[in-house]
Amino acid sequence: MTTINVNGQQREVKVDAETPLLWVLRDDLGLTGTKFGCGIAQCGACTVHLDGAPVRSCQLPVGEIGNKPVTTIEAIGTTPAGARIQKAWLDLDVIQCGYCQSGQIMSAAALLASNPTPDDAAIDAAMAGNICRCGTYVRIREGIKEAARHG
Amino acid sequence: MADPALSRRQVLRGASLGAGALVLGLTVRGVSVVAATGAAPASAAFAPDAFIRLAGDGNVTLVMPQTEMGQGIYTALAMLIAEELDVALEAVKLEEAPADDALYGNPIFKVQATGGSTSVRGYWPVMRKAGASARAMLIAAAARQWHVPAAECRTEPGEVVHQPSGRRLAYAALAAQAAREPVPADPPLKSPETFRLIGHSQRRLDTAHKVDGSLRYGIDATPEGVRFASLACAPVVGGKVVRVDDRPAKALPGVQQVIVLDDMVAVVAETSWAAMRALAAMDITWNDGPNAALGTADLWADLEKASQAEAHVALDTGAAAKLSGDGVIEAHYALPLLAHAPMEPMNCTVHLTSGKCEVWVGTQVMTMTQRAAAQEAGLSPDQVTVHNHLIGGGFGRRLEVDGVRKAVRIAKHVDGPVKVVWSREEDVARAPYRSVYGAWLKARIANGKVEAWSHRVVGPSVVARWLPPAYDGKIDSDAVDGAAETPYDMPALLVDWVRHEPRGVYTAFWRGVGPNMNVFATESFVDRVAREAGQDPLAFRRNLIGKHQRARAVLDLAAEKAGWGTPLPAGAGRGINLQYVFGTYLCTVAEVVVAEDGTVAVKRLTTAVDCGSPVNPDGIVSQIQGGMVFGLSAALYGQITLANGRTQESNFHDYRVVRIDEMPQIEVHIVPSAEAPGGIGEPGTVTVQGALNNAIYAATGIQLSRMPVDPSLLSKSAWR
């Protein structure tokens, strides 16, 4: 039995400590907003926040989390940066299929929380780990800038 | 392809629908996306056809026959109906249509399939007529109640207005009477200048639940009691399982069941992770079968050999006689195998019980899914319920039902529902691919003008397998699409096709389909011939255009916006790609910089598009932007290679796709048009390879004959 803090709640999960957080969220806790994309931290679809920093949950064993709080896409709207990113994503119609966008939004929200006015280089650095096959990158960049303007 | 039209019979057929149940409802920004298991619910007071349900409480539900996979089709189709029905877009709810080819078959394919940039083209007349018909019946109902001529009535969103008296009645109050009015045979359509929605950018209707993780894709389906499976299919096409040592797997926690079938092995476990880990621990011995030694070089050699075979002629206006002897320019172009690699890995959840099969999946082909599941389960299609989901990326991969078949075969051995999720490695390496294709072109120029042009296409027919009625056994229209009809008027033209099915791979449609090969070849060769003729690629194309004046407009606009002809530094170049495919005219100018080591940086893609009457302009821009990124990934990196019959690529580290830090500047300019709409999902992808290749050609004097770009061929020492 492992206890983790997810979206402000203590959750007990009955999995072995090696299990990546991604699958604990999806299959044990029913938080399916965090997506499986590659399993090797190459695509960013599984991005969550660990103590406010973006991490790839497919490579994070649940046993290594300890007391650090986990925030997922389901709760990112309760943070100021997350809410601004979500609004900009809708206002600019960034999203197409949407499957990668949980991860994109988590990476973008972490960026905005740490850097309120990111330039293109900062956006590239923060977002290059998140693949979008629909090719929404033009609007992801615009969306981050739009959210920054409303900060 | 057949011209779509809505028959009176189709309209009437919809009116007789019985009650049905709704599941998986959720509200999206005032709009709800619901998967339906049946048609018109009892609460619909007015259901004039298969697409519109107007409830007595004023709720309007529109049934979506096409699958939403990111292309924005829910928004576009809803706009078409809402425009003519005259309801506010914010007032409608959307439902996914159930499996039913007769009611919901794509007007172009005649089966319930979403692909080939056909949705708006096919449904433009159908949905508008459906909306107009319902509006006419609502007007008739109001006129009857007011005892006035219908001609004195008009509509505003959601209500009928009697013009002379100013009286108004909400649609809700008219629904019951409207249902008793005769269905008009030929309802008047709105004239374009009165459009409130069509042609005006609308926010997407499917995205609110995509920003907070609450939208459930197929991979998120969790029926009560579901268990999780991971699968390993034969790594070589035609391979079989010889033996399996499952002891290490069964010793791992959470593992419930190991299923060994003749060509695949699956592990069922308490979580997906437990299943994947156990599968990786398993020792499986395969007999690779007849393709055990197959490599990519064999596929290229086969293609070359096939090009010598007898071809079927698609179009011949007397070019052959002019294309032998001296002075003929020849070129060969080819494209590699490609995986689709949608972000949502392949998955399918199945619950098989006696006489019943439930399937949860995201599919581009509802009825094919239903039939495939039925076949594997030994049931009839009506015993199979398909719960379709919004798709996390299709690109043609989910036009295939191989995954559904495999999931049902696994489910036959599982007590209760089982969710089968492909690992990314399985998704990349054991998938149907975009085939290898080859093109052989010839041209003769005289006095700076093209005298004759021939284009031989060599490749498979996906259509022949996927939609047999559409293939006449001679010419696959997709295989020559973009070769037979081009934006140009060639004085003498020969286009032919050799059907060649590659060994050791399953082939599938891939975003951009046939034109990916044919436009790449045509446009690369246009630049090659222009250079031989000593002409500027823009001027050369302008002179080749005859009847397709819309092509000239997009060519000129893209060239102007891209600054065609303005100076560039050494190592930089611009290239044009002009195309007329999927009913859409599109021109892109690519600007690249080739480094001394041959590395290509794409700086800018400037596109002008005329896709006929724009339905949702911002959605068009979005599709072109995204389609170009998809094409750019293919042009820069995309290739699947085989060795010993096995795919060598496995995940995004070795099957690379473009990331945000590699993005060029992208500009999209829409040319206004009142013509019937063209398709928009594929053209952006198709346009990239030719533009990029021609830009590299301009920068270096080297024309590549094959994608993806091979920087080793472009190092500075090779520049001409």
Side-chain angles (χ1 to χ4, degrees), chain A residues 14-16 18-20 22-24 26-28 30-40 42-43 45 72-77 85-87 89-91 93-103 105 120-121 123-125 127-141, chain B residues 29 68-72 203-204 206-208 210-217 219-220 222 228 253-254 270-274 276-277 341-345 390-395 421 423-425 618-619 622-623 625-630 632-633 651-653 657-663 666:
Chain A
K14 205 178 77 177
V15 294
D16 65 291
E18 281 176 47
T19 309
L22 169 66
W23 299 110
V24 175
R26 290 183 53 80
D27 293 349
D28 290 274
L31 293 169
T32 54
T34 302
K35 299 305 188 202
F36 166 54
C38 71
I40 59 168
Q42 282 286 311
C43 80
T72 71
I73 186 70
E74 283 87 353
I76 198 63
I85 291 288
Q86 286 175 326
K87 182 173 186 308
W89 252 234
L90 292 173
D91 286 347
D93 261 346
V94 170
I95 302 171
Q96 294 188 26
C97 89
Y99 190 82
C100 75
Q101 297 293 348
S102 293
I105 289 167
D120 282 332
I123 292 171
D124 281 349
M127 304 302 295
N130 290 79
I131 290 172
C132 173
R133 284 292 273 160
C134 297
T136 63
Y137 300 128
V138 170
R139 294 180 188 221
I140 286 173
R141 188 182 301 281
Chain B
R29 212 184 78 224
E68 177 60 63
M69 49 189 170
Q71 81 281 42
R203 283 253 298 258
R204 294 178 65 118
D206 62 322
T207 48
K210 293 177 177 178
V211 294
D212 63 6
S214 59
L215 186 93
R216 294 208 159 216
Y217 298 85
I219 203 169
D220 304 321
T222 44
F228 303 88
E270 287 172 7
T271 67
S272 301
W273 162 249
M276 285 178 185
R277 180 170 59 173
M343 289 312 299
E344 180 188 3
L390 272 62
I391 294 181
F395 316 122
V421 175
S423 66
R424 179 58 69 186
E425 290 77 10
D618 189 55
S622 178
Q623 279 303 290
Q625 289 172 335
M628 291 212 284
V629 177
F630 201 77
L632 195 57
S633 290
N651 206 318
F652 290 118
H653 66 290
V657 300
V658 166
R659 294 171 182 270
I660 196 169
D661 58 347
E662 302 161 289
M663 278 289 287
I666 290 180

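Each chain gets a letter, A, B and so on, in the order its sequence line appears, and its residues count up from 1. All values below come from the heavy atoms of this structure, side chains included, with hydrogens, waters and symmetry mates left out.
- Once rounded to the nearest 0.5 Å, the distance linking OG1 of B/Thr207 with CD of A/Gln86 reads 11.5 Å.
- The part of A/Ile105 that comes within reach of chain B is its side chain, from C-beta onward, which places non-hydrogen atoms under 4.5 angstrom from that chain.
- Of the listed residues (A/Asp28, A/Val138, A/Thr32), the greatest number of heavy-atom pairs within a distance under 4.5 Å of chain B belongs to A/Thr32.
- Annotation: maximal heavy-atom pairing with chain B below 4.5 Å, among A/Thr34, A/Ile140, A/Ile131, A/Thr19, occurs at A/Ile131.
- In this structure, chain A has no heavy atom under 4.5 Å from any part of B/Leu632.
- Most heavy-atom pairs under 4.5 Å with chain A, from the set B/Pro253, B/Gly213, B/Gly627: that is B/Gly213.
- At a threshold of 4.0 Å, the pair A/Asp124-B/Arg659 does not count as salt-bridged, since none of the basic side-chain nitrogens sits closer than that to a carboxylate oxygen.
- A donor-acceptor distance shorter than 3.5 angstrom exists from the side chain of B/Lys210 to the backbone of A/Cys97, with no hydrogens or angles considered.
- The parts of B/Ala341 that come within reach of chain A are both its backbone and its side chain, each placing non-hydrogen atoms under 4.5 angstrom from that chain.
- The CH2 atom of B/Trp273 sits 15.0 Å away from the CZ atom of A/Arg26 when rounded to the nearest 0.5 Å.
- To the nearest 0.5 Å, atoms CD (A/Gln101) and CE (B/Met343) are separated by 10.0 Å.
- Heavy-atom distances place no part of B/Glu662 under 4.5 Å from chain A, backbone and side chain included.
- At least one donor-acceptor pair closer than 3.5 Å links the side chain of A/Gln96 to the backbone N or O of B/Ser622.
- For the atom pair A/Asp27 CG and B/Thr271 OG1, the distance stands at 5.5 Å (nearest 0.5 Å).
- Proximity to chain A is limited to the side chain of B/Phe228, based on heavy atoms less than 4.5 angstrom apart.
- At distances below 3.5 Å, at least one donor-acceptor pair connects side-chain atoms of B/Arg203 with backbone N or O atoms of A/Leu90.
- A donor-acceptor pair under 3.5 Å is formed between the side chain of A/Tyr137 and the backbone N or O of B/Val658.
- The greatest number of non-hydrogen atom pairs below 4.5 Å with chain B, out of A/Ser102, A/Cys38, A/Cys134, A/Gly98, is found for A/Cys38.
- Between chain B and the residues A/Gly37, A/Gly77, A/Gly33, the most heavy-atom pairs under 4.5 angstrom are made by A/Gly37.
- Within the 4.5 angstrom heavy-atom criterion, no atom of B/Met628 approaches chain A.
- Within the model, atoms CE of A/Met127 and CE of B/Met663 stand 12.5 Å from one another, a figure rounded to the nearest 0.5 Å.
- Atoms CD1 and CD1, from B/Ile660 and A/Ile123 in turn, are 7.0 Å apart once rounded to the nearest 0.5 Å.
- Contacts of B/Met69 with chain A are made by backbone atoms alone, with heavy-atom separations under 4.5 Å and no side-chain atom involved.
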- Task: For side chain to side chain contact (heavy atoms under 4.5 Å, CB included), just list the numbers for B/His653 and A/Ile40, CA-CA rounded to whole Å, side-chain angles, deciding distance to a tenth of an Å, and then say yes or no.
- Result: CA-CA 9 Å; B/His653 66 290; A/Ile40 59 168; 3.6 Å; yes
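- Between A/Tyr99 and B/Pro345, the shortest heavy-atom distance links the atoms OH-CD, 3.6 Å.
- Highest contact tally toward chain B, considering only A/Asp91, A/Val24, A/Thr72, A/Leu22, is held by A/Asp91 [criterion: heavy-atom pairs under 4.5 Å].
- Contacts between B/Ile666 and chain A at a heavy-atom distance below 4.5 Å involve the side chain alone, from C-beta outward.
- The most heavy-atom pairs under 4.5 Å with chain B, out of A/Asp16, A/Val15, A/Asp120, come from A/Asp16.
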- Item | Audit row: B/Arg424, A/Gln42, side chain to side chain contact (heavy atoms under 4.5 Å, CB included) steps and yes/no | CA-CA 11 Å; B/Arg424 179 58 69 186; A/Gln42 282 286 311; over 6 Å; no
